[in-house]
Amino acid sequence: MDVEWIYPKGEFTSICAGSVTPEEVEKVLAETEVDCAYVTSPDYLGDLSDIKGMSEVCRKYSVPLLCDNAHGAYLKFLPESLHPMDLGADMCCDSAHKTLPCYTGGAMLHISNHATANYDDCAKEIMSMFGSTSPSYLIMESLDLCADYVNGDFPRDLERTVERVRVCKDRITAFGWHTIGEEPMKITVAAYKSGITGDDLADRLREYGIEPEYSDTQYVVLMPSPFNSEEDFLKLEKAFSEIKQPRIRLFGDLPAIPKGIKRMGIRQAAFSAQHTVNVEDACGLVCGMTVTSCQPSVPVAVSGEEITPQVIKILKNYGIERINVL
């Protein structure tokens with residue numbers, strides 16, 4: 001299938017931020033004949049897309065809305081649900097193991113009651129094309145045990161933790177750090193605004209016995225859970241109160257994620273013969289396999305797109321030194 005990418009209006013400099021608006025979705029739907037709209041929300045930095053607004057736009061154009069809710073399975077159990085399925089998405093996948101207590105690899109596919117009828121009828125058969133005939137029964141049982149918990153004490157535990165995370169964010173901000181994102185169970189610190197790279201801040205946090213979820217040159221992401229104790233939060237707050245903020249300008253203008261220059265289709269490029277080169281030598285060549293730093297994130301270059309000087313600059317900024325090209 002061909003992909004029509006939805007680009008945000010303004011420039012964005014992080015491959016981990018990918019929110020778009022209903023208006024940007026509608027612009028593409030109004031100009032292009034598409035089979036479905038696919039979005040990722042929340043993104044890795046904790047921004048939530050307006051799924052409700054997008055679902056209304058998609059219904060207007062009779063296009064199903066699919067959502068990758070990998071980091072947001074818990075959103076269903078907030079006092080007021082923010083889960084995509086309650087906001088109008090037709091289909092949604094949850095990586096349960098990221099924000100619910102189950103084994104890594106545990107995931108769920110949700111199909112809305114208002115989705116096209118044959119989605120529900122054919123889902124199991126279609127999934128069997130990609131699934132194993134020898135699934136992990138440990139993962140499957142962990143999902144069952146997780147279901148027991150989320151139908152029991154989890155909403156109460158989650159509500160308590162959401163309030164503690166809010167207090168923690170307020171205290172971190174009071175110490176002079178900058179936090180971003182509205183997701184209630186994620187603490188994202190824009191370290192570079194305090195004159196320290198996210199990677200350096202992550203190393204400093206490890207000295208306090210704190211392991212971040214993710215870090216790069218700009219940000220540190222922390223993901224608490226109801227299983228974190230009060231001592232954990234106090235330790236985190238102590239770390240941010242003591243770590244020095246150099247308050248220097250680390251970067252000039254950070255490179256914005258560019259619009260892709262398509263040279264051939266994704267499938268054609270992905271299945272073509274490829275070789276690996278240093279990113280400095282890739283300028284003008286065609287990307288073989290999609291290049292990204294982490295998941296979920298915006299790919300710096302997609303299969304079939306031209307490697308430009310701006311793409312090379314971003315790849316190097318994220319520590320990517322080699323790339324597959326045609």
Side-chain angles (χ1 to χ4, degrees), residues 38-52 54-55 64-115 119-120 123-124 127 130-132 135-169 181-188 211-214 221-233 236 295-296:
Y38 181 92
V39 296
T40 297
S41 178
D43 65 25
Y44 213 171
L45 299 185
D47 287 320
L48 295 164
S49 295
D50 181 0
I51 300 299
K52 186 174 187 297
M54 289 182 191
S55 68
L65 175 63
L66 317 182
C67 182
D68 180 349
N69 186 50
H71 279 239
Y74 76 94
L75 295 173
K76 171 68 179 177
F77 306 98
L78 296 171
E80 183 177 349
S81 173
L82 293 176
H83 195 279
M85 297 308 291
D86 292 320
L87 299 176
D90 293 281
M91 195 181 298
C92 171
C93 56
D94 288 351
S95 294
H97 66 89
K98 287 185 171 70
T99 58
L100 297 178
C102 68
Y103 288 153
T104 297
M108 305 171 188
L109 173 67
H110 307 289
I111 299 174
S112 170
N113 290 329
H114 60 70
Y119 283 9
D120 188 43
K124 190 170 183 179
M127 289 175 69
F130 302 97
S132 169
S136 167
Y137 289 94
L138 295 175
I139 295 175
M140 292 166 65
E141 185 170 6
S142 79
L143 282 166
D144 289 339
L145 294 172
C146 175
D148 290 340
Y149 176 51
V150 298
N151 281 299
D153 295 337
F154 181 65
R156 180 201 65 198
D157 296 343
L158 179 64
E159 186 174 9
R160 169 182 51 78
T161 310
V162 164
E163 174 58 21
R164 188 61 183 88
V165 170
R166 184 193 65 77
V167 171
C168 187
K169 285 182 179 180
E182 67 271 23
E183 192 187 327
M185 285 289 286
K186 188 169 281 181
I187 302 172
T188 302
E211 182 61 38
E213 161 72 17
Y214 169 80
V221 177
L222 300 124
M223 289 178 61
S225 83
F227 298 98
N228 283 115
S229 65
E230 175 65 14
E231 289 72 23
D232 292 336
F233 285 103
L236 181 62
Q295 297 294 346

Side chain to side chain, Phe233 and Thr161, heavy atoms closer than 4.5 Å
yes
Partners meeting side-chain contact (heavy atoms from CB on, under 4.5 Å) with Leu45 (sequence neighbours left out):
Ser14, Cys16, Ala17, Asp43, Ile180, Thr188, Tyr219, Val221
Closest non-hydrogen atom pair between Ala89 and Ser112, with its separation:
O-CB, 3.4 Å
Please name the residue in the list Lys186, Glu213, His71 that meets the side chain to side chain donor-acceptor pair (under 3.5 Å) test with Tyr44.
Glu213
With a cut-off of 6.0 Å (strictly less than), are more than 12 heavy atoms of other residues, nucleotides or ligands near CG of Asp148?
yes
Check: Leu87 main-chain N/O paired with Ser55 side-chain donor or acceptor under 3.5 Å:
yes
Quick one: are Glu182 and Asp47 in side-chain contact, heavy atoms under 4.5 Å?
yes
If you compare all heavy atoms of Ile51 against all heavy atoms of Cys67, which two are closest, and at what distance to 0.1 Å?
CD1-SG, 4.1 Å
Looking at side-chain heavy atoms only, is the closest gap between Asn69 and Pro42 below 4.5 Å?
yes
Gly152 versus Pro155, closest heavy-atom pair with distance
O-CD, 3.5 Å
Distance col, row Ser41:OG vs Asp68:CG, nearest 0.5 angstrom, shows 9.5 Å
Quick one: OG1 on Thr99 to CE on Met223, what's the gap to the nearest 0.5 Å?
6.0 Å
Worked verdict on Leu75 versus Leu48 for side chain to side chain contact (heavy atoms under 4.5 Å, CB included)
CA-CA 11 Å; Leu75 295 173; Leu48 295 164; 4.0 Å; yes
With heavy-atom distances below 4.5 Å as the criterion, would you say the side chains of Leu236 and Ile187 are in contact?
yes
Between Val39 and Met54, is a side chain to side chain contact (heavy atoms under 4.5 Å, CB included) present by the stated rule, with each step listed?
CA-CA 9 Å; Val39 296; Met54 289 182 191; 3.7 Å; yes
Under the side-chain contact (heavy atoms from CB on, under 4.5 Å) test, residues paired with Ser81 that sit two or more places apart
Lys76, His83, Asp86
Under 3.5 Å: donor-acceptor pair, side chain of Asp90, backbone of Leu65
yes
With side chain to side chain contact (heavy atoms under 4.5 Å, CB included) as the criterion, how do Phe154 and Leu100 come out once you've worked through the C-alpha distance, each side chain's angles and the decisive distance to 0.1 Å?
CA-CA 9 Å; Phe154 181 65; Leu100 297 178; 3.6 Å; yes
About how many Å separate SG of Cys93 and NE2 of His110, when rounded to the nearest 0.5 Å?
8.5 Å
Looking at Arg156 and Glu159, is there a salt bridge between them, counting it only when a charged N and a carboxylate O are closer than 4.0 Å?
no
For the OH atom on Tyr103, are there more than 12 heavy atoms of other groups (residues, nucleotides or ligands in this structure) within a distance under 6.0 Å?
no
Correct closest heavy-atom pair for Ala107 and Leu143 would be O-CD1, 3.8 Å
Would you say Met185 and Leu78 make side-chain contact, with heavy atoms under 4.5 Å?
no
How many angstroms lie between CG in Asn151 and SG in Cys146, if you round to the nearest 0.5 Å?
9.5 Å
Which atoms form the tightest heavy-atom contact between Val165 and Pro224, and what is the distance?
CG2-CG, 3.9 Å
With a 3.5 Å distance limit and no angle check, can you tell me whether Ser136 reaches the backbone of Ile139 through a side-chain donor-acceptor pair?
yes
Rounded to the nearest 0.5 angstrom, the SG-NE2 distance for Cys102 and His97 is 7.5 Å
With a 4.5 Å cut-off on side-chain heavy atoms, are Tyr74 and Pro184 touching?
yes
